[in-house]
Amino acid sequence: MSLTRHAEITRIIDTLSGHYLQGKIRAIKLAMITLLSGGHLLLEDIPGLGKTTLALALAKALGLSFGRVQCTSDLMPSDITGLSIYDRSSGTFKFVPGPVFNNVVLVDEINRSMPKTQSALLEAMEERRVTVEGVTHGLPDPFLVIATQNPLEQVGTYPLPESQLDRFMVTTGVGYPPAEVEKAIIKGGSLRDEIRHIEPLITLEDIRLARQAVKNDILLSDKIVDYIFAIMAATRNHPLILSGISSRGGISLAEAAKAAAFLENRHYVIPEDVKLVAGAVGAHRLILCPENETLNKEEVLQSVLKSLPVPLV
């Protein structure tokens with residue numbers, strides 16, 4: 001028996017990966033897993049590989065409201081959250097919502113904004129509300145932040161502290177497309193205009209029902225919980241790692257694995273679901289020992305996974 005709204009969700013993945021975002025199916029799947037799990041997504045890669053295009057295409061296909069923030073070193077918190085402006089006609093202050101009051105918010109080059117602005121955004125991501133001048137405003141549901149981050153060695157970047165990286169459920173790169181796809185892109189030009197005209201492939205109600213199915217209808221057995229805990233414990237006792245996966249990271253790993261099972265139209269999580277999302281959910285939460293900081297966190301985590309026995313379910 002098919003899970004509620006499974007077909008509608010997979011149609012989005014098939015449409016985007018088959019035409020608009022060829023060669024990006026892993027990033028698209030991880031974005032959908034993040035949406036279904038109620039988390040936020042951080043895309044890390046060099047400029048020009050389609051991070052912004054992916055966010056635009058996803059928002060269009062989902063039919064959700066969309067806001068965009070282009071981060072710069074002088075971006076203020078009120079540029080994201082909004083501010084109160086004095087209305088002369090009424091003689092009162094009127095709140096003008098910022099771009100964060102949208103279902104999907106693209107935060108481009110988040111590590112070019114100053115720490116104070118990063119904190120304001122990340123507080124909104126965690127609390128799902130913002131407080132401006134003493135008044136609290138709720139954010140829409142669903143609420144998905146897709147932030148992009150340039151490599152830290154580029155000029156004008158502020159690294160996100162580990163505590164703020166932990167707020168992102170999933171971190172992934174976009175990667176270069178296959179050679180034939182890239183040649184077609186070079187020949188045909190950018191698809192940005194075409195993407196702006198994508199018709200919604202799903203309704204808001206479909207998204208809510210699919211998220212409820214992920215939360216309530218996917219079984220997470222005790223063996224899978226033990227497996228996730230074993231991964232967390234192994235990262236905390238690894239000689240190359242100073243600080244391993246947090247409890248919040250373990251919760252995110254479980255929720256993402258349930259969403260991965262949903263995409264496979266399965267009512268229960270298997271170890272392969274956990275292994276599929278472990279790198280994207282867990283690697284950015286690791287703090288390596290100072291002498292090992294140049295190592296690739298994803299590769300370190302994959303070595304942890306290989307060292308652990310896989311349970312039979």
Side-chain angles (χ1 to χ4, degrees), residues 31 34-43 55 58-59 62-149 158 160-171 203-212 214-216 246-252 255-256 259 284-285:
T34 308
L35 173 71
L36 293 170
S37 307
H40 303 288
L41 174 67
L42 179 62
L43 297 173
L58 190 65
L62 292 171
L64 299 174
S65 65
F66 177 73
R68 179 176 179 175
V69 179
Q70 180 61 55
C71 293
T72 58
S73 59
D74 58 353
L75 186 76
M76 301 299 292
S78 59
D79 294 327
I80 295 175
T81 61
L83 73 168
S84 294
I85 296 177
Y86 184 70
D87 185 346
R88 289 186 177 181
S89 60
S90 64
T92 59
F93 282 91
K94 180 181 179 182
F95 178 65
V96 180
V100 77
F101 287 86
N102 283 285
N103 293 115
V104 180
V105 182
L106 170 62
V107 183
D108 231 350
E109 301 182 326
I110 187 173
N111 57 338
R112 290 197 186 281
S113 62
M114 57 183 171
K116 189 175 182 179
T117 304
Q118 291 178 4
S119 296
L121 173 67
L122 294 165
E123 182 181 358
M125 292 164 56
E126 180 71 13
E127 303 295 332
R128 314 269 169 169
R129 62 186 183 185
V130 296
T131 301
V132 179
E133 297 166 357
V135 180
T136 300
H137 306 270
L139 298 178
D141 180 40
F143 176 58
L144 170 66
V145 170
I146 302 177
T148 71
Q149 177 168 256
Y158 300 90
L160 293 180
E162 286 80 6
S163 61
Q164 296 184 353
L165 276 174
D166 199 48
R167 307 295 174 88
F168 287 95
M169 170 175 276
V170 168
T171 298
T203 67
L204 181 59
E205 183 65 10
D206 290 333
I207 296 171
R208 287 175 174 161
L209 290 173
R211 293 176 68 176
Q212 288 177 15
V214 170
K215 183 178 181 180
N216 301 323
S246 65
S247 298
R248 177 161 51 195
I251 295 170
S252 296
E255 292 174 345
H284 66 282
R285 303 173 192 274

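It should be emphasised that the depicted structure is a prediction, and the values quoted were computed from it without experimental measurement.
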What's the separation between atom CZ in Arg208 and atom OG1 in Thr203, rounded to the nearest 0.5 Å?
9.5 Å
Leu58 side chain reached by Val104 side chain, heavy atoms, under 4.5 Å
no
Determine yes or no for a side-chain-to-main-chain donor-acceptor pair under 3.5 angstrom, with Asp87 supplying the side chain and Ser89 the backbone.
yes
In the structure I gave you, are the side-chain heavy atoms of Gln164 and Pro115 within less than 4.5 Å of one another anywhere?
no
Counting neighbours of CZ on Arg128 that are heavy atoms of other residues, nucleotides or ligands and sit closer than 6.0 Å, is the number greater than 12?
yes
Residue pair Asn103 / Ser65, side-chain donor-acceptor N/O under 3.5 Å:
yes
Kindly indicate whether the side chain of Lys116, heavy atoms from C-beta on, has any atom under 4.5 Å from the side chain of Met76.
no
Rounded to the nearest 0.5 Å, what's the gap from OG1 on Thr148 to CZ on Arg112? Could you check?
9.5 Å
Polar side-chain atom of Ser113 near backbone of Ser73 as donor-acceptor pair, under 3.5 Å
no
State, with a plain yes or no, whether a side-chain heavy atom of Pro99 is found less than 4.5 Å away from one of Arg68.
no
Any idea which heavy atoms bring Met125 and His40 closest together, and the distance?
O-NE2, 3.2 Å
Measuring only between side-chain heavy atoms, which start at C-beta, is Leu35 closer than 4.5 Å to Leu62?
yes
Hey, does Arg248 have a side-chain heavy atom less than 4.5 Å from the side chain of Arg167?
yes
Atom pair CD/CD of Glu123 and Gln118 - distance to nearest 0.5 Å:
14.0 Å
Could you tell me the separation between the CZ atom of Phe95 and the CD1 atom of Ile85, rounded to the nearest 0.5 Å?
10.0 Å
Hey, can you pull the donor-acceptor pairs under 3.5 Å for the side chains in residues 130-145, sequence neighbours left out?
residue, atom, partner, partner atom, Å
Thr131, OG1, Thr136, OG1, 3.1
Glu133, OE1, Ser84, OG, 2.8

Distance col, row Leu75:CG vs Thr117:OG1, nearest 0.5 angstrom, shows 5.0 Å
Looking at every non-hydrogen atom in both residues, tell me the closest pair between Ser37 and Ala259 and how far apart they are.
OG-CB, 3.5 Å
Value for CG (Asp166) from NE2 (His284), rounded to nearest 0.5 Å, stands at 6.5 Å
Here the pair of heavy atoms bringing Thr92 nearest to Ser90 is OG1-OG, 2.8 Å
Taking all non-hydrogen atoms of both residues into account, name the closest pair between Ile110 and Cys71 and its distance.
CA-SG, 3.8 Å
